[in-house]
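Data block below; observations after.
In this text the structure is predicted, and so the values were computed from the model without any measurement.
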Amino acid sequence: MKSRTNLSNAFAQLRRQGYVAKQNFLCCQSCGWAALSEEEAKLAVFYHKQDAQGLRKGEDLYLCWAGDGQEIVGVLKNYGLDVEWEGTNNRRIVVKNYSII
């Protein structure tokens, strides 16, 4: 069985808390949002294939999200992830690459 990363564990926790939480979801942010129903888009966290490619290259991971930003950031931090967020709804949450194990 493949071991889960702290990022995968954080996404699983977000799902338990009612979020649609998807990793490596579709090609881009626009397609990701378009694939979610109106109801799903109210509580959602995901990163897309372009973000995943950047992560593999050592770049930080930018999360698309809707819901309670403080709650999402709190869950990510509880799983040991180093997170940056400006605290506004129109900014993506950034997970620092080095903290994903």
Side-chain angles (χ1 to χ4, degrees):
M1 181 166 79
K2 184 178 176 186
S3 72
R4 297 174 64 145
T5 66
N6 55 352
L7 181 63
S8 293
N9 288 327
F11 269 65
Q13 179 63 42
L14 287 163
R15 283 190 293 278
R16 287 190 292 274
Q17 290 180 214
Y19 284 85
V20 173
K22 297 182 178 277
Q23 298 182 79
N24 203 14
F25 181 54
L26 298 175
C27 60
C28 64
Q29 186 172 187
S30 296
C31 290
W33 285 119
L36 298 176
S37 71
E38 188 175 326
E39 190 63 30
E40 290 172 324
K42 292 177 183 177
L43 290 175
V45 182
F46 68 90
Y47 63 90
H48 48 73
K49 292 181 190 272
Q50 293 173 10
D51 295 322
Q53 290 170 344
L55 182 63
R56 285 190 292 277
K57 293 177 186 175
E59 298 170 7
D60 294 334
L61 183 64
Y62 288 76
L63 302 180
C64 306
W65 66 278
D68 183 338
Q70 292 293 341
E71 180 179 35
I72 295 166
V73 167
V75 168
L76 296 167
K77 286 183 175 183
N78 282 341
Y79 283 89
L81 295 159
D82 187 2
V83 179
E84 291 180 359
W85 178 52
E86 293 179 11
T88 60
N89 291 344
N90 62 348
R91 296 288 180 192
R92 292 175 77 184
I93 296 169
V94 181
V95 180
K96 304 306 277 182
N97 183 292
Y98 64 82
S99 70
I100 300 172
I101 54 173

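Linking Ile, Leu, Val, Met, Phe, Trp and Tyr residues whenever their side-chain heavy atoms come within less than 4.5 Å places Ile100 and Leu76 in a single cluster. Ile93 and Trp33 sit in two unconnected hydrophobic clusters of ILVMFWY residues. Membership requires side-chain heavy atoms under 4.5 Å apart, directly or through other members. When the side chains of ILVMFWY residues are joined at heavy-atom separations under 4.5 Å, either directly or via intervening members, Leu36 and Val45 end up in two distinct hydrophobic clusters. Val83 and Tyr19 fall within a single hydrophobic cluster, where Ile, Leu, Val, Met, Phe, Trp and Tyr are joined by side-chain heavy atoms under 4.5 Å apart, directly or via other members. Grouping the Ile, Leu, Val, Met, Phe, Trp and Tyr side chains by contacts below 4.5 angstrom, directly or via other members, places Leu7 apart from Val20.
The side-chain heavy atoms of Cys27 and His48, taken from C-beta on, include no pair separated by under 4.5 Å. Under the 4.5 Å side-chain criterion, counting only non-hydrogen atoms from C-beta, Asp51 is in contact with Arg92. Lys49 has its side chain within reach of Asn24: a pair of non-hydrogen atoms, C-beta onward, lies under 4.5 Å apart. Side-chain contact between Trp65 and Val73 is absent, with no heavy atoms from C-beta onward closer than 4.5 Å.
Residues Glu40 and Ala35 approach most closely at OE1-O, 4.3 Å, considering heavy atoms. When all heavy atoms of Leu26 and Cys31 are compared, the pair lying nearest together is CD1-O, 3.4 Å. Across all non-hydrogen atoms, the minimal contact from Gln23 to Tyr47 is OE1-OH, 3.0 Å. Scanning all heavy atoms of the two residues, the minimum distance from Ala10 to Tyr79 falls at CA-CD1, 3.7 Å. For the residue pair Ala41 and Ala66, the shortest heavy atom distance occurs at O-CB, 3.1 Å.
Side chain to side chain, Tyr62 and Gln29 fail the donor-acceptor criterion of an N or O pair below 3.5 Å. The closest side-chain donor-acceptor pair between Arg16 and Gln13 falls under 3.5 angstrom.
Note that NZ of Lys77 and OG of Ser99 are 11.0 Å apart. Values are rounded to the nearest 0.5 Å. Put simply, NZ on Lys22 and CG on Leu63 are 15.0 Å apart, with the number rounded to the nearest 0.5 Å.
A donor-acceptor pair under 3.5 Å links the side-chain atoms of Asn6 to the main chain of Ile101, judged by distance alone.
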